[in-house]
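Here is the structure we will look at.
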Amino acid sequence: MKSEPNVYSITDLQRDRQTIWDGVRNYQARNFLRQMNPGDLAFFYHSNSNPPGIVGLMRVIKNNIADPTQFDANSKYYDPKSTPDSPRWQTVIVEFKEVFPEVISLEKLKQKFNDDELLIVKKGNRLSVIPVSETVAKNILNRLFIK
């Protein structure tokens, strides 16, 4: 799950302990959010940073939440076609798990995985939420991340 550190960073999540992952307005990313379940782990990825990469872990604690920003006319994520009875945008609540001692950079991910294994390394990928297979996740945690 990607966020720009100047918008919401892993440090913000560490401070807040948990947050709603709001503002996703891409149908494919939304569909990935809909597939998440409580207990699922997610990598926290900083985009638009130097270097971009995975900076920590979080855990899904609640799923299938209607994103409240879709109903707020003052929000940049407002969706006038969405109603409380028929929300278009669902999300999850996540809790902080850990900050990695070093960033697992996009460059390092590209060296270890191809775009069939890990969608984040695919050229032109701009999705803010993407699935990671259990095998790839274990490889990231076991081989790339030095505890």
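These values consider heavy atoms only, across backbone and side chains, with no hydrogens, waters or symmetry-generated copies.
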query = Name the one of V24, L33, I130 that satisfies side-chain contact (heavy atoms from CB on, under 4.5 Å) with M1?
reply = L33
inquiry  = Are Q14 and V99 packed together at the side-chain level, in the sense that at least one heavy-atom pair is separated by less than 4.5 angstrom?
reply    = yes
remark   = Taking every heavy atom of D40 against every heavy atom of Q35, the minimum-distance pair comes out as OD2-O, 4.3 Å
message = Contact between F100 and V55 at the side-chain level, heavy atoms closer than 4.5 Å - yes or no?
response = no
note = Heavy-atom nearest pair, F32 first then V129, reads CD1-O, 3.0 Å
ask   = Looking only at heavy atoms, which two atoms of P5 and N48 are closest? And how far apart?
value = CD-O, 4.3 Å
ask   = Is any side-chain heavy atom of F43 closer than 4.5 Å to a side-chain heavy atom of L57?
value = yes
key: Donor-acceptor contact present, side-chain Q70 to main-chain S82, <3.5 Å   = no
query = How long is the gap from CG on L13 to NZ on K97, to the nearest 0.5 Å?
reply = 12.5 Å
task = For P84 and F71, work out which heavy atoms get closest and say how close.
result = N-CE2, 3.4 Å
query = Are any side-chain N or O atoms of R30 and backbone N or O atoms of R88, one a donor and one an acceptor, separated by less than 3.5 Å?
reply = yes
task = Taking all heavy atoms of F113 and all of V136, pick out the closest pair and write down the distance.
result = CE2-CG1, 3.8 Å
task = Going by the side chain to side chain donor-acceptor pair (under 3.5 Å) test, name the single residue among E95, Q18, E98 that passes it with R59.
result = E95
task = State yes or no: do M36 and W21 share one hydrophobic cluster built from I, L, V, M, F, W and Y residues joined by side-chain heavy-atom distances below 4.5 Å, directly or via other members?
result = yes
ask   = Less than 4.0 Å between a side-chain N and a carboxylate O, is that true for D79 and R25?
value = no
Test item: D67 side-chain N/O and D22 main-chain N/O as donor-acceptor pair under 3.5 Å = no
request  = State, yes or no, whether a side-chain contact exists between I104 and L109 at a heavy-atom distance under 4.5 Å.
outcome  = yes
key: Worked verdict on Y78 versus T69 for side chain to side chain contact (heavy atoms under 4.5 Å, CB included)   = CA-CA 6 Å; Y78 176 63; T69 61; over 6 Å; no
inquiry  = In this structure, would L141 and F96 fall into the same cluster of hydrophobic residues linked by side-chain contacts under 4.5 Å?
reply    = yes
request  = Establish whether I10 and V103 are linked, either directly or via other cluster members, by ILVMFWY side-chain heavy-atom contacts under 4.5 Å.
outcome  = yes
Show every donor-acceptor pair shorter than 3.5 Å between a side-chain atom in residues 118-126 and any protein atom, with sequence neighbours excluded, or say none if there are none.
from : atom 1 : to   : atom 2 : distance (Å)
N125 : OD1    : L127 : N      : 3.4

key: T19 side chain near M58 side chain, heavy-atom distance below 4.5 Å   = no
note = All heavy atoms of D16 vs all of Y8, minimum pair found to be OD2-OH, 2.8 Å
inquiry  = I need the S47 OG to E4 CD distance, nearest 0.5 Å.
reply    = 4.5 Å
query = Side chains of D12 and S9: donor-acceptor distance under 3.5 Å anywhere?
reply = yes
